[in-house]
Number of protein chains: 2
Amino acid sequence: MYEELKYWYLRDHKLFWTLSMSQIKQLCIIVGFKKAKKGDVIYFSSSDVPRIFLPKKGNIKIVSIDEEGNETIKEILQKGDLFGELSLEQDSEVNEYAKALTDEVSICSFLLSDFEDLLVRNPSLALSYTKFVGLKMKRFKNNYSNLVTKDAKSRLSSFLKDWAQREGKFEGNKVVIENYLTQNDIAQIICTSRQTATLLLNELEERNLIYYNRREIIIDDISKL
Amino acid sequence: MYEELKYWYLRDHKLFWTLSMSQIKQLCIIVGFKKAKKGDVIYFSSSDVPRIFLPKKGNIKIVSIDEEGNETIKEILQKGDLFGELSLEQDSEVNEYAKALTDEVSICSFLLSDFEDLLVRNPSLALSYTKFVGLKMKRFKNNYSNLVTKDAKSRLSSFLKDWAQREGKFEGNKVVIENYLTQNDIAQIICTSRQTATLLLNELEERNLIYYNRREIIIDDISKL
DNA sequence: ATTCAAATGTAAACTAGCCGACAAATAGGT
DNA sequence: ACCTATTTGTCGGCTAGTTTACATTTGAAT
C-alpha cells in the first residue's frame, strides 16, 4: 500500500492525534487491508497472528460464541474505534468474530507486535491508548449496571439514545438514524429476546416516540425517550 | 513515609516487576496511606484529587450507586490489584466507593498526575499497565456474558470456582476459602436477590458440594461444582 | 413476475427469579 | 450475660420476560 494512504488512515484516528505529522509518517505499520460486504464474517481471534483492527468505513458488530453456542453481541463499531487483542495479550479461549452490518465495510489492521514496539517508542501514544481502552471499559461497565438494575424497556431507550448520539443526524430534538440493525440485533444488544424487542419497539412507535422501519429510525423528540 | 518502605510496597506489585530495583527506588510516588477496619468506607471518585489506589492488605469491595440508589458490587479486590481512575481520566459522573470487608485493610495511593508522568517516562511500564487494564476488561466481559447467557445457579458456581482459584487453599480437589462475604454480598456479585443466593447456597450444601458458614467455605471437590 | 429466505408481528403457556414479610440464628458491644 | 443489629432461612404471590409456534411482510435473487 502507498505510504501516503497509510498516513491518511492513521491520521484521522483519534488515537494518533497526539502524534505529529512526521511521526505518523514514520509509523507505517499498517499491514492489512480488507473490504467486506454486508453479512461477511471477519475472524480475528484465534486467527493467524494477533492483530489490532481499525474500522475505516461502514459498521460492524463483534459477536462472541460460548461453549454452548450462545451468541452475544459485544459491540457495534464504526470508524474511529478499534478491535482485536486490545489487552495486548493473545487469548485463544475467547471465540469472537466481526460481522459486516453495512455494505462497503473496509478495515485495516496492523500486527500486535508492531503496535507494541510503537507504543514503547511513543510513551504519549501509549498513554492515549490506555485512556482509549479505559474509556471502553467504562462504557462496558455502564452497560453492565444497566443490565443489572434496569428493565428491558429502559435498556432499549438508553440504547436508542446512545445510538442517536453517536450516529444520528439531529434537527433540534428530532434525530434520524440510519438503521443497519435488525430487531434481532437490537434485541441482542439490549440483552433480551427478539420478541420482546419487537414488542417494545412497536410500543414506542404507538406512543409516537419513534418512527421505525428497516432503513431508518426517527426519534421524534429525544428528550422524551 | 520512609523511602525504603515505599520501595517495598511498589516492588511486590505485579505492575512494577518489569522495572529494575534502581528504577523503582526512583519512583517514590506514593503519597497516601490509609488503614481501615471492616465496614469502613473509602471514597475515591469525586474525592479531592484523582488517585490510583493499591490495596496492600485485606479485602475490599467496590460498590457503585446509580441515580435511583441501586447498589451494584463492581469488584472484590485484594493485594495485587488496583482501583481508582484506571482510565486515567477524571469522571465525576460515576459514584463509586470502596468498603473494607476484612479487618486490617491497608491501602496506599498515588496521584493520577504523578502516575501519568511516570508512565510517559517508562514506556515498558505503560505497556504493562495497559495489559493490566486490558485483562481487567476481559474479566469484566466474561462476567457480562455469564450474566446474559447463564442462570443464577451456574453464575454462583463460576463465582465460587473463581474465588477458590484466586484465594482458596487447595488440598487436591478440596478447597478452603476464608469467607469474608455475606450472602448478600455474594448475591450482589452474581447479580441476584439475597433470597435466591441463600436458596442456591443451601442447595449446594444439601448436595454435599460445599460446606458453608460465616467464617469459611469448603468446596469438597471443585471439579464437581 | 415468481420464489424463497430473512425479518417482523402476535399470542398463549410457562418459569426463573423478584419482592414482601416474617422467623430464627448469630455475633459484636457494653 | 444481656441486648440489639445484622445475617440467614423460608414461604407464597407475582411479574417480566422466555419459549414455542405460527402468520405475515419484505426484499433480494433468478
Side-chain angles (χ1 to χ4, degrees), chain A residues 37-41 61 63 68-73 99-104 146-157 159 178-207 210-217, chain B residues 37-41 61 63 68-73 99-104 146-157 159 178-207 210-217:
Chain A
K37 283 190 318 219
K38 194 169 182 170
D40 287 357
V41 171
K61 60 177 174 182
V63 182
E68 287 134 47
N70 299 302
E71 274 200 3
T72 330
I73 292 191
K99 194 169 198 175
L101 290 170
T102 48
D103 272 333
E104 300 200 59
N146 273 346
L147 184 52
V148 176
T149 60
K150 306 273 205 310
D151 63 2
K153 191 183 285 192
S154 52
R155 280 188 332 258
L156 176 60
S157 291
F159 167 67
E178 186 211 345
N179 180 20
Y180 48 81
L181 297 173
T182 66
Q183 295 190 355
N184 198 15
D185 286 331
I186 295 176
Q188 284 184 271
I189 292 167
I190 64 171
C191 297
T192 188
S193 65
R194 199 220 84 222
Q195 292 87 329
T196 304
T198 303
L199 202 75
L200 293 173
L201 282 168
N202 289 338
E203 193 191 309
L204 285 178
E205 190 152 29
E206 254 161 51
R207 294 204 283 141
I210 65 168
Y211 170 75
Y212 178 96
N213 73 33
R214 292 180 182 195
R215 244 163 275 103
E216 58 181 12
I217 298 174
Chain B
K37 283 190 315 214
K38 194 169 181 171
D40 286 357
V41 171
K61 60 177 176 183
V63 182
E68 286 134 46
N70 299 303
E71 273 201 6
T72 330
I73 292 192
K99 194 170 197 175
L101 291 170
T102 49
D103 273 332
E104 301 201 55
N146 273 345
L147 184 52
V148 176
T149 60
K150 305 274 203 313
D151 64 1
K153 190 184 284 192
S154 52
R155 283 195 320 264
L156 177 59
S157 291
F159 166 67
E178 189 212 342
N179 179 21
Y180 48 81
L181 296 174
T182 66
Q183 295 190 355
N184 198 13
D185 286 331
I186 296 176
Q188 283 184 270
I189 292 167
I190 65 171
C191 297
T192 186
S193 66
R194 199 221 85 220
Q195 292 90 324
T196 304
T198 303
L199 202 75
L200 293 173
L201 281 169
N202 289 338
E203 193 191 308
L204 285 179
E205 191 152 28
E206 254 162 50
R207 295 204 285 142
I210 66 169
Y211 169 75
Y212 179 97
N213 72 35
R214 292 182 181 193
R215 241 163 275 105
E216 58 180 13
I217 299 175

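Within every chain, numbering begins at 1; the chains are lettered A, B, ... in the order of the sequence lines, protein sequences first and strands thereafter. Computed over heavy atoms, backbone and side chain alike; hydrogens, waters and symmetry mates excluded.
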Output the rounded distance in Å from CD (B:Gln188) to P (D:dT7).
11 Å
Applying side-chain hydrogen bond (donor to acceptor under 3.5 Å, both in side chains), can you list everything that pairs with B:Gln188, at least two apart in sequence or on another chain?
none
Nearest atoms (heavy-atom pairs only) where B:Val148 meets A:Cys191
CG2-SG, 3.5 Å
Which heavy atom of B:Phe159 sits nearest a heavy atom of B:Leu181, and at what distance?
CZ-CD1, 3.8 Å
Would you say B:Asp103's side chain and B:Lys37's backbone share a donor-acceptor pair under 3.5 angstrom?
no
Side-chain donor or acceptor of B:Asn202 paired with backbone N/O of B:Glu205 under 3.5 Å
no
Are any of B:Gln183's side-chain N or O atoms less than 4.0 Å away from OP1 or OP2 of D:dG9?
yes
Taking only side-chain N and O atoms of B:Asn202, does any of them lie within less than 4.0 angstrom of OP1 or OP2 on D:dT10?
yes
Encode nucleotides 17-30 of chain D as B, S and - characters from 5' to 3', where the letter depends on protein heavy atoms closer than 4.0 Å: B to the base, S only to sugar-phosphate, - to neither.
SBBBB----SS---
Taking 5' to 3' order, which nucleotide of DNA chain C is first and which is last to have an atom within less than 4.0 Å of a heavy atom in chain A?
C:dA7 to C:dA11
For the residue pair A:Ala187 and A:Ala197, what are the closest heavy atoms and their distance?
CB-CB, 3.6 Å
Euclidean distance, atom CG of residue B:Asn184 to atom C1' of D:dG9 [Å, nearest integer]
14 Å
Donor-acceptor pair, distance only, cut-off 3.5 Å: does the side chain of B:Arg155 make one with the backbone of B:Lys150?
yes
Provide the closest heavy-atom pair for A:Thr182 versus A:Tyr212 in the form atom of the first, atom of the second, distance.
C-OH, 4.4 Å
